[in-house]
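Report on one structure; see the data block that follows.
Numbering of ligands and ligand atoms starts at 1, following listing order.
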Amino acid sequence: MKKHIAVLAGDGIGPEITDGAIAVLNKVGEKFGHEFEFEHLLMGVCAIEATGEPLPQYTIDRCLASDSVLLGAVGGAVGDKRIEKLPGHLRPEAGLLKIRSALGLYSNLRPAKLFPALAGACPLRKDIAERGIDLVVVRELIGGIYFGDRGRGVGEGGEFAYDTEKYSVMEVERIARIAFDLAMRRRKHVTSIDKANVLESSRLWREVVHNVAKEYPEVELTDMLVDNTAMQLVKNPSQFDVVLTSNIFGDILSDEAAMITGSIGMLASSSLGATKRGLYEPIHGSAPDIAGKDIANPIATILSAAMMLRDSFDLPEEAKAIEAAVNAVLDEGYRTADIMSEGMKQVKGSEMTRLIVDRI
Ligand code: NAD
(Lines give C-alpha, C1' and ligand atoms only; values in the text may rest on other atoms or scores of the structure.)
Protein backbone atom coordinates (compact mmCIF):
# COMPACT_ATOMS: atom_id res chain seq x y z
CA MET A 1 0.00 0.00 0.00
CA LYS A 2 1.27 3.49 -0.83
CA LYS A 3 0.01 6.49 1.17
CA HIS A 4 0.76 10.19 1.08
CA ILE A 5 0.75 11.77 4.54
CA ALA A 6 0.71 15.53 5.13
CA VAL A 7 2.75 16.44 8.21
CA LEU A 8 1.96 19.62 10.12
CA ALA A 9 4.74 19.50 12.70
CA GLY A 10 3.83 22.94 14.05
CA ASP A 11 5.61 24.61 16.93
CA GLY A 12 7.46 23.90 20.18
CA ILE A 13 7.87 20.13 20.62
CA GLY A 14 5.80 19.52 17.44
CA PRO A 15 8.79 18.72 15.17
CA GLU A 16 10.38 16.37 17.78
CA ILE A 17 7.24 14.30 18.31
CA THR A 18 6.19 14.11 14.66
CA ASP A 19 9.72 12.91 13.84
CA GLY A 20 9.08 10.10 16.32
CA ALA A 21 5.81 9.11 14.62
CA ILE A 22 7.44 9.26 11.16
CA ALA A 23 10.26 6.95 12.29
CA VAL A 24 7.69 4.47 13.60
CA LEU A 25 5.59 4.64 10.41
CA ASN A 26 8.72 4.08 8.30
CA LYS A 27 9.52 0.96 10.34
CA VAL A 28 5.93 -0.30 9.93
CA GLY A 29 6.22 0.34 6.17
CA GLU A 30 9.46 -1.64 6.02
CA LYS A 31 8.10 -4.54 8.05
CA PHE A 32 4.66 -4.85 6.43
CA GLY A 33 5.58 -3.79 2.88
CA HIS A 34 3.90 -0.36 2.67
CA GLU A 35 5.25 2.93 1.40
CA PHE A 36 4.49 6.07 3.38
CA GLU A 37 5.44 9.38 1.80
CA PHE A 38 5.61 12.46 4.02
CA GLU A 39 5.04 16.06 2.94
CA HIS A 40 5.93 18.72 5.52
CA LEU A 41 3.67 21.79 5.57
CA LEU A 42 3.42 24.96 7.63
CA MET A 43 0.82 25.68 10.30
CA GLY A 44 0.95 27.65 13.55
CA VAL A 45 3.57 30.15 14.71
CA CYS A 46 6.04 28.82 12.12
CA ALA A 47 3.49 29.60 9.38
CA ILE A 48 2.79 33.07 10.81
CA GLU A 49 6.52 33.83 10.78
CA ALA A 50 6.93 32.59 7.20
CA THR A 51 3.69 33.83 5.60
CA GLY A 52 1.82 36.06 8.06
CA GLU A 53 -1.02 33.53 8.40
CA PRO A 54 -1.45 30.59 10.79
CA LEU A 55 -2.81 28.31 8.07
CA PRO A 56 -1.79 29.21 4.51
CA GLN A 57 -4.13 28.14 1.70
CA TYR A 58 -1.30 26.03 0.25
CA THR A 59 -1.28 23.91 3.42
CA ILE A 60 -5.05 23.38 3.20
CA ASP A 61 -4.83 22.42 -0.51
CA ARG A 62 -2.03 19.92 0.10
CA CYS A 63 -3.84 18.40 3.10
CA LEU A 64 -6.94 17.97 0.92
CA ALA A 65 -4.77 16.18 -1.65
CA SER A 66 -3.26 13.84 0.97
CA ASP A 67 -4.49 10.47 2.25
CA SER A 68 -4.26 11.66 5.85
CA VAL A 69 -2.76 14.35 8.05
CA LEU A 70 -0.39 14.02 11.01
CA LEU A 71 -0.28 17.06 13.29
CA GLY A 72 2.21 17.79 16.08
CA ALA A 73 0.96 20.84 17.95
CA VAL A 74 0.71 24.57 17.38
CA GLY A 75 1.06 27.58 19.64
CA GLY A 76 3.68 29.82 21.17
CA ALA A 77 4.72 30.28 24.75
CA VAL A 78 2.11 31.78 27.06
CA GLY A 79 2.95 35.48 27.35
CA ASP A 80 4.66 35.68 23.93
CA LYS A 81 3.81 39.29 23.09
CA ARG A 82 4.33 38.84 19.32
CA ILE A 83 1.54 36.27 19.25
CA GLU A 84 -0.77 37.70 21.91
CA LYS A 85 -1.09 41.03 20.13
CA LEU A 86 -2.43 39.32 16.97
CA PRO A 87 -6.20 39.49 16.29
CA GLY A 88 -8.10 36.23 17.03
CA HIS A 89 -8.30 35.04 13.41
CA LEU A 90 -4.50 35.31 12.98
CA ARG A 91 -3.56 33.42 16.17
CA PRO A 92 -1.99 29.96 15.81
CA GLU A 93 -5.05 28.27 17.37
CA ALA A 94 -7.27 29.81 14.65
CA GLY A 95 -5.35 27.59 12.21
CA LEU A 96 -6.51 24.53 14.19
CA LEU A 97 -10.19 25.44 13.92
CA LYS A 98 -9.76 26.30 10.25
CA ILE A 99 -8.04 23.06 9.23
CA ARG A 100 -10.72 20.97 10.99
CA SER A 101 -13.43 22.90 9.21
CA ALA A 102 -11.63 22.90 5.80
CA LEU A 103 -11.24 19.12 5.96
CA GLY A 104 -14.85 18.69 7.17
CA LEU A 105 -13.69 16.84 10.28
CA TYR A 106 -16.81 16.79 12.41
CA SER A 107 -15.86 14.03 14.81
CA ASN A 108 -12.99 13.98 17.28
CA LEU A 109 -12.16 10.75 19.07
CA ARG A 110 -10.04 10.92 22.18
CA PRO A 111 -9.37 7.61 23.86
CA ALA A 112 -8.41 7.89 27.53
CA LYS A 113 -6.90 4.69 28.80
CA LEU A 114 -4.96 3.91 31.92
CA PHE A 115 -1.90 1.91 30.86
CA PRO A 116 -1.40 -0.82 33.50
CA ALA A 117 2.35 -0.07 33.61
CA LEU A 118 1.56 3.56 34.46
CA ALA A 119 -1.12 2.96 37.10
CA GLY A 120 1.16 4.69 39.61
CA ALA A 121 0.91 7.95 37.63
CA CYS A 122 -2.89 8.07 37.98
CA PRO A 123 -3.82 10.92 40.33
CA LEU A 124 -7.00 9.16 41.51
CA ARG A 125 -7.32 7.06 44.68
CA LYS A 126 -5.86 3.57 44.22
CA ASP A 127 -9.19 1.75 44.67
CA ILE A 128 -10.75 3.92 41.94
CA ALA A 129 -7.81 3.49 39.54
CA GLU A 130 -7.81 -0.27 40.09
CA ARG A 131 -11.26 -0.51 38.53
CA GLY A 132 -9.60 0.65 35.28
CA ILE A 133 -10.10 3.56 32.87
CA ASP A 134 -10.82 2.77 29.24
CA LEU A 135 -13.12 5.29 27.62
CA VAL A 136 -13.36 7.28 24.40
CA VAL A 137 -14.69 10.82 24.23
CA VAL A 138 -16.49 11.37 20.90
CA ARG A 139 -16.60 15.13 20.50
CA GLU A 140 -18.50 17.08 17.82
CA LEU A 141 -15.79 19.24 16.27
CA ILE A 142 -17.06 21.81 13.77
CA GLY A 143 -20.33 23.05 15.26
CA GLY A 144 -21.68 24.56 18.44
CA ILE A 145 -20.45 27.63 20.26
CA TYR A 146 -16.90 27.61 18.79
CA PHE A 147 -18.36 28.20 15.33
CA GLY A 148 -21.59 30.03 16.24
CA ASP A 149 -22.51 33.64 15.87
CA ARG A 150 -20.40 35.90 18.08
CA GLY A 151 -19.85 39.56 18.61
CA ARG A 152 -19.65 42.57 20.82
CA GLY A 153 -21.88 45.55 21.31
CA VAL A 154 -22.78 48.24 23.78
CA GLY A 155 -25.94 48.10 25.87
CA GLU A 156 -27.37 49.40 29.14
CA GLY A 157 -24.68 47.63 31.17
CA GLY A 158 -21.88 48.98 28.97
CA GLU A 159 -19.93 46.82 26.54
CA PHE A 160 -21.16 43.21 26.10
CA ALA A 161 -20.01 40.15 24.21
CA TYR A 162 -21.81 36.98 23.14
CA ASP A 163 -21.16 33.54 21.59
CA THR A 164 -23.96 31.27 20.36
CA GLU A 165 -24.44 27.54 20.87
CA LYS A 166 -26.42 26.20 17.90
CA TYR A 167 -26.83 22.63 16.67
CA SER A 168 -28.91 21.23 13.82
CA VAL A 169 -30.51 17.78 13.80
CA MET A 170 -28.11 16.72 11.03
CA GLU A 171 -25.04 17.76 13.04
CA VAL A 172 -26.17 15.83 16.12
CA GLU A 173 -27.27 12.77 14.13
CA ARG A 174 -23.96 12.31 12.35
CA ILE A 175 -21.82 12.59 15.50
CA ALA A 176 -24.24 10.36 17.43
CA ARG A 177 -23.88 7.66 14.75
CA ILE A 178 -20.09 7.79 15.11
CA ALA A 179 -20.49 7.23 18.86
CA PHE A 180 -22.99 4.36 18.51
CA ASP A 181 -20.93 2.66 15.76
CA LEU A 182 -17.88 2.89 18.00
CA ALA A 183 -19.82 1.52 20.99
CA MET A 184 -20.83 -1.50 18.88
CA ARG A 185 -17.10 -2.28 18.49
CA ARG A 186 -16.46 -1.73 22.23
CA ARG A 187 -18.54 -2.39 25.37
CA LYS A 188 -21.85 -1.20 23.86
CA HIS A 189 -22.52 1.73 26.16
CA VAL A 190 -22.94 5.39 25.19
CA THR A 191 -23.16 8.20 27.74
CA SER A 192 -24.54 11.31 26.05
CA ILE A 193 -23.56 14.57 27.74
CA ASP A 194 -25.78 17.64 27.79
CA LYS A 195 -27.17 20.43 29.94
CA ALA A 196 -30.79 19.72 29.03
CA ASN A 197 -32.06 21.08 32.34
CA VAL A 198 -31.06 24.59 31.17
CA LEU A 199 -30.16 24.78 27.47
CA GLU A 200 -32.58 24.45 24.55
CA SER A 201 -29.73 23.29 22.28
CA SER A 202 -29.12 20.47 24.77
CA ARG A 203 -32.81 19.48 24.73
CA LEU A 204 -32.61 19.07 20.94
CA TRP A 205 -29.30 17.19 21.37
CA ARG A 206 -30.98 14.73 23.76
CA GLU A 207 -34.02 14.19 21.49
CA VAL A 208 -31.87 13.48 18.45
CA VAL A 209 -29.50 11.14 20.32
CA HIS A 210 -32.50 9.13 21.56
CA ASN A 211 -33.83 8.85 18.00
CA VAL A 212 -30.46 7.63 16.71
CA ALA A 213 -30.27 5.16 19.63
CA LYS A 214 -33.34 3.35 18.23
CA GLU A 215 -31.11 2.19 15.32
CA TYR A 216 -28.77 0.52 17.84
CA PRO A 217 -30.93 -1.65 20.12
CA GLU A 218 -27.86 -3.47 21.49
CA VAL A 219 -26.27 -0.27 22.80
CA GLU A 220 -27.24 1.02 26.22
CA LEU A 221 -27.72 4.81 26.31
CA THR A 222 -27.34 6.95 29.43
CA ASP A 223 -27.97 10.72 29.52
CA MET A 224 -25.73 12.65 31.88
CA LEU A 225 -25.60 16.35 32.69
CA VAL A 226 -22.20 17.88 32.00
CA ASP A 227 -21.64 19.03 35.59
CA ASN A 228 -22.37 15.56 36.93
CA THR A 229 -20.04 14.09 34.30
CA ALA A 230 -17.18 16.27 35.57
CA MET A 231 -17.74 14.70 39.00
CA GLN A 232 -18.30 11.13 37.81
CA LEU A 233 -15.04 11.18 35.82
CA VAL A 234 -13.07 11.48 39.05
CA LYS A 235 -15.44 9.46 41.24
CA ASN A 236 -16.03 6.43 39.05
CA PRO A 237 -14.43 6.64 35.58
CA SER A 238 -14.74 2.90 35.01
CA GLN A 239 -18.48 3.39 34.31
CA PHE A 240 -17.73 5.11 30.97
CA ASP A 241 -17.26 3.42 27.61
CA VAL A 242 -18.15 5.92 24.84
CA VAL A 243 -18.81 9.50 25.96
CA LEU A 244 -20.69 11.56 23.35
CA THR A 245 -20.38 15.33 23.60
CA SER A 246 -20.86 18.67 21.90
CA ASN A 247 -17.81 20.69 20.88
CA ILE A 248 -17.36 22.77 24.04
CA PHE A 249 -18.33 20.06 26.58
CA GLY A 250 -15.96 17.63 24.83
CA ASP A 251 -13.12 20.13 24.85
CA ILE A 252 -13.31 20.42 28.62
CA LEU A 253 -14.21 16.85 29.58
CA SER A 254 -11.61 15.23 27.33
CA ASP A 255 -8.84 17.17 29.10
CA GLU A 256 -10.21 15.95 32.42
CA ALA A 257 -10.39 12.38 31.08
CA ALA A 258 -6.79 12.70 29.88
CA MET A 259 -5.56 14.02 33.20
CA ILE A 260 -6.99 11.14 35.23
CA THR A 261 -4.95 8.67 33.19
CA GLY A 262 -1.70 10.18 34.44
CA SER A 263 0.12 11.78 31.53
CA ILE A 264 -0.92 14.14 28.85
CA GLY A 265 2.08 12.88 26.83
CA MET A 266 0.45 9.46 26.31
CA LEU A 267 -2.90 10.24 24.72
CA ALA A 268 -3.68 10.23 21.02
CA SER A 269 -6.65 11.55 19.07
CA SER A 270 -8.23 11.31 15.65
CA SER A 271 -10.56 13.64 13.79
CA LEU A 272 -12.65 12.29 10.94
CA GLY A 273 -15.42 13.44 8.64
CA ALA A 274 -17.35 11.86 5.81
CA THR A 275 -14.23 10.45 4.10
CA LYS A 276 -11.37 8.23 5.22
CA ARG A 277 -8.98 11.20 5.34
CA GLY A 278 -8.43 12.08 8.97
CA LEU A 279 -6.29 14.33 11.10
CA TYR A 280 -4.31 12.61 13.83
CA GLU A 281 -2.65 14.43 16.69
CA PRO A 282 -1.62 14.08 20.32
CA ILE A 283 -4.05 15.75 22.71
CA HIS A 284 -1.36 17.92 24.28
CA GLY A 285 -0.12 21.28 23.06
CA SER A 286 3.24 22.52 21.84
CA ALA A 287 4.81 22.50 25.35
CA PRO A 288 7.14 25.48 24.70
CA ASP A 289 8.59 25.01 28.21
CA ILE A 290 10.36 21.79 27.16
CA ALA A 291 10.84 22.34 23.41
CA GLY A 292 14.29 21.56 21.98
CA LYS A 293 15.44 19.64 25.11
CA ASP A 294 14.66 16.16 23.76
CA ILE A 295 12.58 15.34 26.82
CA ALA A 296 9.09 15.44 25.25
CA ASN A 297 7.23 12.15 25.33
CA PRO A 298 6.59 11.07 21.72
CA ILE A 299 4.13 8.28 22.63
CA ALA A 300 0.89 10.27 22.15
CA THR A 301 1.93 11.16 18.60
CA ILE A 302 3.15 7.62 17.90
CA LEU A 303 -0.21 6.23 19.09
CA SER A 304 -1.95 8.83 16.88
CA ALA A 305 -0.07 7.31 13.94
CA ALA A 306 -1.43 3.91 15.01
CA MET A 307 -4.96 5.35 14.94
CA MET A 308 -4.28 6.65 11.42
CA LEU A 309 -3.29 3.17 10.26
CA ARG A 310 -6.42 1.62 11.76
CA ASP A 311 -9.08 4.26 11.00
CA SER A 312 -7.91 5.86 7.74
CA PHE A 313 -5.91 3.09 6.05
CA ASP A 314 -7.72 -0.02 7.39
CA LEU A 315 -4.47 -1.55 8.66
CA PRO A 316 -5.44 -2.96 12.08
CA GLU A 317 -2.52 -5.41 12.34
CA GLU A 318 -0.01 -2.64 11.71
CA ALA A 319 -1.75 -0.43 14.30
CA LYS A 320 -1.59 -3.27 16.82
CA ALA A 321 2.13 -3.72 16.13
CA ILE A 322 2.75 -0.11 17.19
CA GLU A 323 0.57 -0.39 20.29
CA ALA A 324 2.28 -3.65 21.31
CA ALA A 325 5.70 -2.03 20.88
CA VAL A 326 4.66 0.89 23.11
CA ASN A 327 3.34 -1.52 25.76
CA ALA A 328 6.54 -3.59 25.58
CA VAL A 329 8.78 -0.56 26.13
CA LEU A 330 6.67 0.56 29.11
CA ASP A 331 6.62 -2.95 30.57
CA GLU A 332 10.42 -3.02 30.32
CA GLY A 333 10.47 0.07 32.55
CA TYR A 334 11.54 2.79 30.09
CA ARG A 335 10.05 6.21 30.85
CA THR A 336 10.37 9.76 29.56
CA ALA A 337 10.62 12.44 32.28
CA ASP A 338 6.85 13.17 32.38
CA ILE A 339 5.96 9.58 33.33
CA MET A 340 9.08 8.77 35.34
CA SER A 341 8.69 7.03 38.69
CA GLU A 342 11.02 5.38 41.17
CA GLY A 343 12.94 2.34 39.95
CA MET A 344 12.24 3.02 36.26
CA LYS A 345 14.78 3.83 33.53
CA GLN A 346 14.59 7.44 32.34
CA VAL A 347 15.23 8.05 28.62
CA LYS A 348 15.22 11.04 26.27
CA GLY A 349 12.36 11.50 23.78
CA SER A 350 14.44 10.36 20.79
CA GLU A 351 15.60 7.30 22.74
CA MET A 352 11.99 6.39 23.53
CA THR A 353 11.23 6.53 19.78
CA ARG A 354 14.22 4.31 19.00
CA LEU A 355 13.16 1.74 21.61
CA ILE A 356 9.65 1.59 20.14
CA VAL A 357 10.96 1.36 16.55
CA ASP A 358 13.26 -1.53 17.60
CA ARG A 359 10.30 -3.49 19.01
CA ILE A 360 8.13 -3.33 15.88
P1 NAD B 1 0.65 21.87 26.73
O2 NAD B 1 -0.15 20.63 26.51
O3 NAD B 1 1.53 22.30 25.63
O4 NAD B 1 1.57 21.66 28.04
C5 NAD B 1 1.02 21.43 29.32
C6 NAD B 1 2.10 20.78 30.21
O7 NAD B 1 2.29 19.42 29.79
C8 NAD B 1 3.47 21.44 30.09
O9 NAD B 1 4.10 21.40 31.35
C10 NAD B 1 4.23 20.59 29.12
O11 NAD B 1 5.62 20.60 29.29
C12 NAD B 1 3.64 19.20 29.39
N13 NAD B 1 3.61 18.36 28.18
C14 NAD B 1 2.78 18.50 27.11
N15 NAD B 1 3.06 17.59 26.18
C16 NAD B 1 4.08 16.85 26.68
C17 NAD B 1 4.83 15.74 26.18
N18 NAD B 1 4.58 15.19 24.98
N19 NAD B 1 5.81 15.23 26.94
C20 NAD B 1 6.08 15.74 28.15
N21 NAD B 1 5.40 16.77 28.69
C22 NAD B 1 4.43 17.33 27.95
O23 NAD B 1 -0.38 23.01 27.13
P24 NAD B 1 -0.14 24.58 27.41
O25 NAD B 1 1.16 24.78 28.11
O26 NAD B 1 -1.39 25.05 28.02
O27 NAD B 1 -0.05 25.24 25.97
C28 NAD B 1 1.17 25.49 25.27
C29 NAD B 1 0.83 25.94 23.86
O30 NAD B 1 0.19 24.87 23.16
C31 NAD B 1 -0.13 27.12 23.82
O32 NAD B 1 0.28 27.99 22.81
C33 NAD B 1 -1.47 26.47 23.48
O34 NAD B 1 -2.34 27.35 22.81
C35 NAD B 1 -1.02 25.35 22.57
N36 NAD B 1 -1.96 24.21 22.46
C37 NAD B 1 -2.04 23.61 21.24
C38 NAD B 1 -2.83 22.50 21.07
C39 NAD B 1 -2.86 21.83 19.71
O40 NAD B 1 -2.04 22.13 18.88
N41 NAD B 1 -3.79 20.93 19.46
C42 NAD B 1 -3.54 21.97 22.15
C43 NAD B 1 -3.40 22.58 23.42
C44 NAD B 1 -2.60 23.70 23.55
Expected rows: ligand 1 N/O, protein N/O, dist below 3.5 Å:
from     : atom 1 : to     : atom 2 : distance (Å)
ligand 1 : 2 (O)  : Gly285 : N      : 2.7
ligand 1 : 3 (O)  : Gly285 : N      : 3.4
ligand 1 : 3 (O)  : Ser286 : N      : 3.3
ligand 1 : 3 (O)  : Ala287 : N      : 2.8
ligand 1 : 9 (O)  : Asp289 : OD2    : 3.1
ligand 1 : 11 (O) : Asp289 : OD1    : 3.0
ligand 1 : 11 (O) : Asp289 : OD2    : 2.9
ligand 1 : 15 (N) : His284 : ND1    : 3.3
ligand 1 : 18 (N) : His284 : NE2    : 3.1
ligand 1 : 18 (N) : Asn297 : O      : 3.0
ligand 1 : 19 (N) : Asn297 : N      : 2.9
ligand 1 : 30 (O) : Ser286 : N      : 3.1
ligand 1 : 30 (O) : Ser286 : OG     : 3.2
ligand 1 : 32 (O) : Gly76  : N      : 3.4
ligand 1 : 32 (O) : Gly76  : O      : 2.7
ligand 1 : 34 (O) : Glu93  : OE2    : 2.4
ligand 1 : 40 (O) : Val74  : N      : 2.9
ligand 1 : 41 (N) : Glu281 : OE1    : 3.3

### Query
Which pair of non-hydrogen atoms, one from Ile133 and one from Pro237, has the smallest distance, and what is that distance?
CG1-CG, 3.8 Å

### Task
Decide salt bridge (Lys or Arg N to Asp or Glu O under 4.0 Å) for Lys27 and Glu30; before the verdict, give the C-alpha distance in whole Å, the side-chain angles of both, and the deciding distance to 0.1 Å.
CA-CA 5 Å; Lys27 179 66 187 284; Glu30 215 177 275; 5.4 Å; no

### Message
Can you see whether Phe36 has Lys3 sitting over its ring - NZ or CZ less than 6.0 Å from the centre and within 45° of the normal?
### Response
no

Validation: residues 105-114 side-chain donor-acceptor distances under 3.5 Å, sequence neighbours left out:
from   : atom 1 : to     : atom 2 : distance (Å)
Ser107 : OG     : Leu272 : O      : 3.4
Asn108 : ND2    : Ser270 : O      : 3.1
Asn108 : ND2    : Ser271 : OG     : 3.1
Arg110 : NH1    : Ser254 : OG     : 2.7
Arg110 : NH1    : Asp255 : OD1    : 3.1

### Query
Is the Phe32 ring parallel, tilted or perpendicular to the His34 ring (thresholds 30°, 60°)?
parallel

### Message
Under 3.5 Å, is there a donor on one side chain and an acceptor on the other for Ser246 and Trp205?
### Response
no

